[in-house]
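Written out below as structure tokens is the structure these notes cover.
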Amino acid sequence: MKKVNLFVFFVVLFSCACTGQVHRFYYELTYKPSTKNKTFKKDLFYLDSLEKRSVFMRKEKCESDSLLAAQVYLPVLSLETMNFKVVKDLETPSVTVKDDLFIGTISYKEPVDIQWKLSSEKRIIGTLQTQKAETDYGGRHWIAWFTQEIPVFDGPYIFMGLPGLIVELSDTNDEYQWKFIGSKKNVRDKLFTESIMDETVMSKEAYIKNKTNFIKDPLPILMQSMSDISKNEEIMSKMNQQAESIKKYYRDHDNTIEK
């Protein structure tokens, strides 16, 4: 993976790249998962770009989905607030957000109309000349630094539409900060847009309602994975314990990207 001090070399490579090849942009996220303390975590995300479409997701989810797609192993229960996948159509523009809830995936699609306010303020990040832009989304005010030296009108999460790649993106409370740290070309020949588990498509309002209900009481979802025969007293006790663990996890990870 190329580092920040190799940005100029990357730009040359990018300008020579052929269509039909997925380019992967690496973003490091530093974020504050809880409103109850000042602890920060870090995660690595992939932005896979092909022509006018892209997929954004966490490194571990990408690797897990790839193994599941190859039927290397069966799905395992995972407690993560970052198990989403964002599929973008930059031409429409629109996003499809897919989120794993243990035994299935819920998703919604919506048009994206991000109202960017461009600033004349500029600064050098690494070796790239960047320009400042601001917007409001998901209950937060965001500041982006983008570069026209990399002609990809995309960035982390659902953000897109600036005249160049977003190099840094953070909310004004500094609770979420993405930084572009490198890139790699020809990682695959097509985008991995599919869901591994059964997917239920719904409106964003229904998505939020289903996710909220799961966080409040995950037991009904967990029970759907069990047959009537397996619902004995011992199994039910373990399921209740797991449900309580899930509720505690989400209480401790309540500082979501969108408020």
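By convention here, the first residue in the shown sequence is residue 1.
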Pairs under 3.5 angstrom only: tabulate donor-acceptor contacts from the side chains of residues 201-208 to other protein residues two or more places apart or in another chain.
residue, atom, partner, partner atom, Å
Ser203, OG, Ala206, N, 3.1
Lys204, NZ, Glu258, OE1, 3.3
Tyr207, OH, Asp99, OD2, 3.0

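- Note on Lys85 versus Asp100: no salt bridge recorded, every NZ/NE/NH1/NH2 to OD/OE distance being 4.0 Å or above.
- Enclosure of atom NZ in Lys259 by more than 12 non-hydrogen atoms of other residues, nucleotides or ligands within 6.0 angstrom is indicated.
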Could you please spell out the steps behind the side chain to side chain contact (heavy atoms under 4.5 Å, CB included) verdict for Ile246 and Phe214? CA-CA 9 Å; Ile246 293 171; Phe214 175 75; 4.2 Å; yes

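- The stretch residues 190-200 participates, sequence neighbours left out, in these salt bridge (charged side-chain N to carboxylate O under 4.0 Å, His left out) pairs: Lys98-Glu199.
- Of the listed residues (Trp178, Tyr26, Phe25, Tyr157), just one forms a side chain to side chain contact (heavy atoms under 4.5 Å, CB included) with Leu47, and that residue is Phe25.
- For Asp217 and Lys247, the salt-bridge test fails: no basic side-chain N is under 4.0 Å from an acidic carboxylate O.
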Evaluate the criterion side chain to side chain donor-acceptor pair (under 3.5 Å) for residue pair Ser34 and Asp252; output intermediate values, then yes/no. CA-CA 6 Å; Ser34 175; Asp252 294 339; 5.9 Å; no

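- Among the candidates Phe45, Phe159, Phe192, the single residue satisfying the ring pair (Phe, Tyr, Trp, His ring centres under 6.0 Å) test with Phe56 is Phe45.
- Taking a cutoff of 4.0 Å between a charged side-chain nitrogen and a carboxylate oxygen, Asp89 and Arg53 do not qualify as a salt bridge.
- Of the charged side-chain nitrogens involved, at least one lies within less than 4.0 Å of a carboxylate oxygen, so that Arg123 and Glu168 count as a salt-bridged pair.
- The local environment of NZ in Lys216 is sparse, with at most 12 non-hydrogen atoms from other residues, nucleotides or ligands closer than 6.0 Å.
- Between Asp154 and Lys88, at least one side-chain N (NZ, or NE/NH1/NH2) sits under 4.0 Å from a carboxylate O, which counts as a salt bridge.
- For an aromatic pair to be called close, the ring centres must be under 6.0 Å apart, and Tyr27 with Phe180 satisfies this.
- The existence of a salt bridge linking Glu63 and Lys59 is confirmed by a sub-4.0 Å separation between a basic side-chain nitrogen and an acidic carboxylate oxygen.
- Taking a 6.0 Å sphere around NZ of Lys179, one finds it holds 12 or fewer heavy atoms contributed by other residues, nucleotides or ligands.
- Note on Asp136 versus Arg140: no salt bridge recorded, every NZ/NE/NH1/NH2 to OD/OE distance being 4.0 Å or above.
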